[in-house]
Amino acid sequence: MSFVLIVEQILNGLQLGVTLFLMSAGLTLIFGVMGLINLAHGSLYMVGAFAAAAVAGAFGSFILALIAALAAAAIAGAIVEISILRRLYRRDHLDQVLATFALILIFSEGTRWVFGSFPLYLDIPNYLQGPVMLPGGIQYPLYRITLIILGVLVAIFLGLLISKTRIGIKIRAGENDREMIAALGVDISKLYTMVFALGAALAGLAGALVGAIQSVEVGMGEPVLILAFVVIVIGGIGSIKGAMVGSILVGLTDTLGGVFLPKILQLFIDISTATNVGSSIASMAIYILMGAILIWRPTGLYGSRL
Amino acid sequence: MMSERNINLLTLSLFVMIPVWAYMADEPFTITLMTRAAIFALAAVGLNLILGIGGFVSFGHAAFFGLGGYVMGILAWHAQNYSPLLEWPLLIEGTNSMPVIWLLSIILSALLALVIGAVSLKTSGVYFIMITLAFAQMMYYFSVSWSAYGGEDGMSIYVRNEFPGLNTLDPIQFYFLCLMLLLASLWLVSSLIKSPFGLALNAARQSPQRVQAVGLDIHRLQLFAFVVSGAITGLAGALFADLNRFVSPNMFSWQLSGEFIVFIIIGGVGRLFGPVVGALVFVGLEHFLGGISDFWHIYLGVILLLIVLFSKSGLIGLIAKKGGHHD
C-alpha cells in the first residue's frame, strides 16, 4: 500500500463527496424550507446530464453544456414545483413520497422516449484532459481535480448566499417559521419556487459534471439520490453544514472502504476470500456508518433535536 | 356505491374466478399474472401493517422481499447442485421443500426486521423513510457483491420447489397455494388489528403521547408490528422467487419498495383489502398499458399523481359509501 495510492483514493473520495454535496445541498434545502421529501431530485440530476450531453453534441462547447444543464434542471424544477409539488407541502410524507415517485416514472420514461434507451456520451473538453502533476509526484486527472475545486467553490458560494445575502436570510427564516415570514410580507410561494429551482440547478450541475466521467443514461440519478439521502440523514436533515460534512464522510468511506478493506483483510485471511468478503463489507460500509451515527445521534450530526 | 365489505368480497371472488376461468380457457399466462398479483398483494399486506396501521412509511420493504427470495434461491441452489450449505460445525443440506423454505424465510426476515427496526424506529417521519430505503439499498449492494450466489446476475433454479401432495409446476395449483397464503396473512392481519395489540398500535399512530401516558411501551409495539410486517413480506419474496424460478439483486431494488407503497395507496391506506385491490389493479395496468405502449410507466406515473392529488383514500375509498377506519 503506497503513499501515492492512498492520496489518489482520498482524492477520489473527495470527488465523490463533492458530487454528493451538490445533490444533497438541494435536497436538504428543499426539505428544510418546504418540508418536502423529493425523490425526484435524482431525475433533475439526470435532466442536467442529458441537457449537457445534447448541447455539447450540438455546439461542442463544454461551458455551454454546463450552463444548459443548470438552466434545464432549474426550469424543470420550477415547472414541477409550480404545477404539482406546491400542493403537497402541507400533506403528509406518504403523499410526497408517492407523488415524487410518480414524477420519477414520468421523467425516466419521458427521457427514454425523447433520447432512446442507449446511453449518451459527454466528452471531457480538450483543455481539461490528461493528468496533472500534484506535489509529491502524484499524477491525477485534471478533470477530477477541476471537479473538486468547482464543488468547493459552489459550497463557498452557497455558504455565502445563505449567511450573507438577503435571499439567504429569507431562506433561513423560512426554515424557522414560514407563517411568520409570510406575515412579514415575503412572497413565500415565490421563495419556495426559487429554493426549489436552486436545488434543482445544483443537481443538474452535478449530473452534467459526473456525466462526463460516466455515461449519461436513464436511471443514472437514483443511485446518487439514495447516497444523497444517506448523506443528509448523517448530516441532519435541513442543515447545509451537515450536508457538507456528511458528503465528505460518505465519499471517503465509500471509496476508501472499497479499496482498502479487502487489502486489510488480506493480512488475516487468504487473498480470494479477503477480496470477496472485503468488497461485500465495503459495499455496506456507508450504511453501517449511517446506522452507527443514528444510534449515537438520532437526528444526525447537525440536525435539530427531536 | 358499495360497502367496503362488498368490495372485499368482490375482490376475493375475482381472485378465485379469474384463474378458474383462465384454467378452463387454457390461458396459463393469465394464471401467472394472477399469481404475481397474489404474491404482490401478500407483500403489500405485510407492509400495510406498519405503514397503514403503524403510520411508519417504510421505503425499504424490498429488503425483506429480497431476503425471502434469496433464502429460497440459496436453499434450492444447494439442493439442485447436491452441495451442502454448511459442513461445519454441523451439516446443513439445501432443500427444495416449500414449507421449510417458507419457515426459514419468515424467521430470517423477522430477524432482519428486528435489526432494521431497532435502529430505524428510533426515528420517525422523513428520517424513517430514508433510513429504511438505505437499509434496503445496503442489502441490494451486498447481494450484488456476493459473487458466490450469482452476484449481479442472480441465480436460476431449474425446477419449482415441492409442496407435499401438490404438483407445484402446474400453474393453477401453485396459484391456489399462493392464494391460501394471502388469505392466511389477511386473516392474521385482521385479527391483529382487532386485538389489543392492534388497537394500541392504531392509537399510537394517532396520539403517541396518550398511549404512552396509559403506560404502554410504544417502541415495543411498533417494533413488533415491523417484525411481523417484514416476515410477511419475506414470505412473499420466497414465493415470488419460486414463481419466476429466478432470484437476483433486483428483488432488493428501491423501485420494488416504491411499488409496494403504490399498491397500498391505489387500494387505500390502512384498509385490510387496500393492498390486495392495489396489487390486482397494478398488475392489470402493467399488463394492459404495457401492451399499448413501451412507455407505459408515464401513464402509470400520471395515474399515481392523480390519485395522490385528488383521491386521498384510494380506490376503495372512492367506491365505498363512507370512509373506512382510517382517520
Side-chain angles (χ1 to χ4, degrees), chain A residues 31 35-37 39 84 87-88 91-110 112-113 117 219 222-223 225-230 232-233 236-238 258 275-288 290-292 294-295 298-300 303 306, chain B residues 51-52 55-57 59 115-116 118-120 122-131 133-148 151 253-255 257-259 261-262 264-266 269 293-310 312 327:
Chain A
F31 183 81
L36 176 84
I37 168 167
L39 297 182
I84 296 161
R87 294 158 218 275
L88 294 169
R91 302 275 281 271
D92 62 18
H93 297 313
L94 184 58
D95 287 345
Q96 300 177 348
V97 164
L98 211 77
T100 49
F101 183 73
L103 283 176
I104 295 181
L105 296 179
I106 296 173
F107 268 115
S108 296
E109 288 307 301
R112 208 193 300 278
W113 203 0
S117 298
E222 280 68 42
L225 172 80
I226 291 165
L227 285 182
F229 276 160
V230 174
I232 65 176
V233 165
I237 303 177
T275 315
N276 275 332
V277 176
S279 61
S280 298
I281 300 178
S283 67
M284 299 171 36
I286 56 167
Y287 304 101
I288 296 170
M290 180 189 75
L294 283 176
I295 290 171
T299 52
L306 279 177
Chain B
L51 190 151
F56 281 83
V57 182
F59 203 157
V115 175
I116 295 182
V119 176
S120 46
K122 280 175 186 284
T123 65
S124 61
V126 192
Y127 278 95
F128 186 81
I129 297 174
M130 293 184 188
I131 293 161
L133 174 65
F135 274 117
Q137 211 53 20
M138 173 177 99
M139 298 294 290
Y140 174 83
Y141 285 116
F142 183 74
S143 68
V144 166
S145 62
W146 202 12
S147 51
S253 72
W254 65 272
Q255 284 96 336
S257 298
E259 282 173 10
I261 300 180
V262 167
I264 295 179
I265 305 282
I266 293 182
V269 182
S293 157
D294 284 344
F295 304 106
W296 73 280
H297 276 107
I298 293 188
Y299 302 110
L300 177 69
V302 173
I303 293 173
L304 278 180
L305 266 184
L306 293 178
I307 291 182
V308 177
L309 291 177
F310 300 109
K312 286 185 116 177
D327 292 335

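Letters A, B, ... mirror the listed sequences (proteins, then strands); counts begin at 1.
In this structure, NE2 on A:His93 lies 11.5 Å from CZ on B:Phe56, to the nearest 0.5 angstrom. Taken from NE2 in B:His297 to CD1 in A:Ile104, the straight-line distance is 11.5 Å, to the nearest 0.5 Å. A distance of 8.5 Å separates CG of A:Leu105 from CD of B:Gln255, quoted to the nearest 0.5 Å.
In this structure, the side chains of A:Leu88 and B:Leu309 come closer than 4.5 Å at one or more pairs of heavy atoms. Between B:Leu305 and A:Ile106, the closest side-chain pair of non-hydrogen atoms falls below 4.5 Å. Side-chain contact between B:Tyr140 and A:Pro223: absent, with no pair of heavy atoms (C-beta onward) separated by less than 4.5 Å. Between B:Val308 and A:Arg91 the shortest side-chain heavy-atom distance falls below 4.5 Å. By the 4.5 Å heavy-atom criterion applied to side chains, A:Thr299 and B:Thr123 are not counted as neighbours. With contacts defined as side-chain heavy-atom distances shorter than 4.5 Å, the pair A:Leu294/B:Lys122 does not qualify. Proximity of A:Trp113 to B:Ile298: side-chain heavy atoms (C-beta onward) are separated by under 4.5 Å at one or more points.
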Walk me through whether A:Ile237 and B:Met130 qualify under side-chain contact (heavy atoms from CB on, under 4.5 Å). CA-CA 10 Å; A:Ile237 303 177; B:Met130 293 184 188; 4.2 Å; yes

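B:Tyr299 does not touch chain A: none of its heavy atoms, backbone or side chain, sits under 4.5 Å away. In this structure, the portion of A:Arg87 lying under 4.5 Å from any heavy atom of chain B is its side chain and not its backbone. Using a 4.5 Å cut-off between heavy atoms, A:Phe107 does not touch chain B at all. Of the atoms belonging to A:Met290, it is side-chain heavy atoms, and not backbone ones, that fall under 4.5 Å from chain B. Interface residue B:Ile131: backbone and side-chain heavy atoms are both found under 4.5 Å from chain A. If you measure heavy-atom distances from B:Val144 to chain A, you find no contacts under 4.5 Å at all. With a 4.5 Å cut-off on non-hydrogen atoms, A:Leu227 does not touch chain B at all. In this structure, the portion of B:Val119 lying under 4.5 Å from any heavy atom of chain A is its side chain and not its backbone.
Between A:Met284 and B:Phe142, the shortest heavy-atom distance links the atoms SD-CD1, 3.0 Å. Counting all heavy atoms, side chain and backbone alike, A:Ala102 lies closest to B:Gly301 at CB-O, 3.3 Å. Contact between A:Tyr287 and B:Gln137 at its shortest, heavy atoms only, is OH-CG, 3.5 Å.
Residue with the most contacts toward chain A among B:Trp146, B:Trp296, B:Phe59: B:Phe59 (heavy-atom pairs, distance under 4.5 Å). The choice from B:Leu304, B:Val57, B:Val126 that makes the most heavy-atom pairs within less than 4.5 Å of chain A is B:Val126. The choice from A:Ile37, A:Val233, A:Ile281, A:Leu98 that makes the most heavy-atom pairs within less than 4.5 Å of chain B is A:Leu98.
Using cut-offs of 30° and 60° on the angle between ring planes, the pair A:Phe101 and B:Trp254 is perpendicular.
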